[in-house]
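Taking it in order: structure first as structure tokens, then the write-up.
If you're wondering where the values come from, they're calculated on a predicted model, not measured in any experiment.
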Amino acid sequence: TTANLGVISGGTGTNVVCAEVTIKAEARSTNVFELDAQIEHMIGRFEAAAEQWGATVVIHHHRHYKSFQLQEDSPVVSVARAASTALGFDPVLRTTLGGSDANIYNEKGVPTIVVATGMDLIHTHDERMTRQDLTNTAKMSVELLRECVRLGNTVH
């Protein structure tokens, strides 16, 4: 579970007390109970701070997507492993806290995973990807398609 206050804005000048501040925050987790507890904690902290300083707080909260977990032997994971191995890569499975199209597809019943692209320092100002990793990502995309064709209609 992780949380972040990603955007904080307000005020009209450096010599004027802000009348209003807007904070955009997020929380992510692979466990819905831990996620709900984190959100409750964040809301509680905002409400307590507002009460302490005689301010008001208005919170708009909505869930953008649900987490998902697929079994290691699921067909979509097997396809990705086979494609990765065919290219000489060593496939490694791991859990992420990222939100992606895969969350939406899985929620709609289409088993989907995220295949890493080799990016480094993601979600920082120094995010980068080497030319070789970009080339490998393109090769992996083609190999995923080849593996699906090899398997024909057996993958669901």
Side-chain angles (χ1 to χ4, degrees), residues 1-10 21-50 57-156:
T1 301
T2 185
N4 184 44
L5 305 180
V7 178
I8 303 170
S9 60
V21 173
T22 300
I23 300 173
K24 292 184 179 180
E26 75 162 12
R28 297 178 185 205
S29 182
T30 57
N31 181 303
V32 72
F33 300 109
E34 289 180 16
L35 177 62
D36 289 342
Q38 177 62 41
I39 292 167
E40 281 184 40
H41 171 74
M42 294 168 76
I43 290 171
R45 297 290 74 216
F46 283 121
E47 290 173 340
V57 63
V58 176
I59 297 172
H60 302 283
H61 165 260
H62 62 278
R63 190 157 289 163
H64 290 280
Y65 55 84
K66 294 180 181 177
S67 65
F68 68 92
Q69 185 169 358
L70 298 174
Q71 298 300 314
E72 290 186 18
D73 62 351
S74 68
V76 69
V77 174
S78 297
V79 165
R81 276 184 159 163
S84 181
T85 302
L87 291 171
F89 303 143
D90 181 24
V92 176
L93 302 179
R94 69 180 194 109
T95 300
T96 70
L97 290 174
S100 69
D101 292 346
N103 296 80
I104 307 304
Y105 287 125
N106 278 288
E107 187 175 349
K108 295 188 180 294
V110 180
T112 307
I113 62 170
V114 175
V115 177
T117 60
M119 292 178 68
D120 192 27
L121 301 171
I122 55 175
H123 299 306
T124 72
H125 295 288
D126 297 318
E127 181 175 293
R128 62 181 176 251
M129 182 178 194
T130 66
R131 284 187 187 106
Q132 185 60 55
D133 285 332
L134 184 59
T135 301
N136 287 342
T137 298
K139 289 178 181 178
M140 183 66 173
S141 298
V142 170
E143 195 60 35
L144 285 166
L145 292 171
R146 286 183 177 144
E147 185 62 24
C148 287
V149 168
R150 274 193 284 275
L151 294 172
N153 290 329
T154 62
V155 178
H156 301 316

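Side-chain contact between Leu121 and Arg128 is present, with at least one heavy-atom pair separated by less than 4.5 Å. Considering only heavy atoms from C-beta on, Val114 stays 4.5 Å or farther from Thr96 through its side chain. Between Met140 and Leu87, the closest side-chain pair of non-hydrogen atoms falls below 4.5 Å. Counting heavy atoms from C-beta outward, Tyr65 and Asn106 have side chains that stay 4.5 Å or more apart. Counting heavy atoms from C-beta on, the side chains of Asn103 and Glu107 never come closer than 4.5 Å.
Nearest heavy-atom pair, Ser29 versus Thr1, reported as atom, atom and distance to 0.1 Å: OG-OG1, 2.7 Å. Across Ala80 and Leu144, no two heavy atoms sit closer than the pair CA-CD2, 3.7 Å. Considering every non-hydrogen atom in both His61 and Ile39, the closest pair reads NE2-CD1, 3.4 Å.
Taking NZ of Lys24 as the reference point, atom OG of Ser9 lies at 7.5 Å (rounded to 0.5 Å). One finds the CG atom of Leu35 at 11.0 Å from the OG1 atom of Thr2 (value rounded to the nearest 0.5 Å). Here the CD1 atom belonging to Ile113 is positioned 13.0 Å from the CD atom belonging to Gln69, to the nearest 0.5 angstrom. For the atom pair Lys139 NZ and Leu134 CG, the distance stands at 11.5 Å (nearest 0.5 Å).
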- Message: Applying side-chain contact (heavy atoms from CB on, under 4.5 Å) to Thr112 and Asp101, what does each step give before you reach the verdict?
- Response: CA-CA 9 Å; Thr112 307; Asp101 292 346; over 6 Å; no
- Message: Applying side-chain contact (heavy atoms from CB on, under 4.5 Å) to Ile23 and Met42, what does each step give before you reach the verdict?
- Response: CA-CA 12 Å; Ile23 300 173; Met42 294 168 76; over 6 Å; no
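Arg28 is linked by a side chain to side chain donor-acceptor pair (under 3.5 Å) to Glu26, counting only residues two or more places apart in sequence or in another chain.
Between the side chain of Thr85 and the main chain of Ala82, no donor-acceptor pair closer than 3.5 Å is present. With hydrogens and angles disregarded, a donor-acceptor distance shorter than 3.5 Å links the side chain of Glu127 to the backbone of His123. Listed for the Thr137 side chain is a donor-acceptor partner under 3.5 Å among the backbone atoms of Thr117.
In this structure, a donor-acceptor pair under 3.5 Å is present between the side chains of Asn136 and Gln132. For His64 and His62, the side-chain atoms include at least one donor-acceptor pair closer than 3.5 Å.
Within 6.0 Å of CZ in Arg131 there are 12 or fewer heavy atoms belonging to other residues, nucleotides or ligands. Heavy-atom contacts from other residues, nucleotides or ligands closer than 6.0 Å to OH of Tyr105 number 12 or fewer.
Ion pairing between Asp73 and Arg81 fails under the 4.0 Å rule for side-chain N and carboxylate O.
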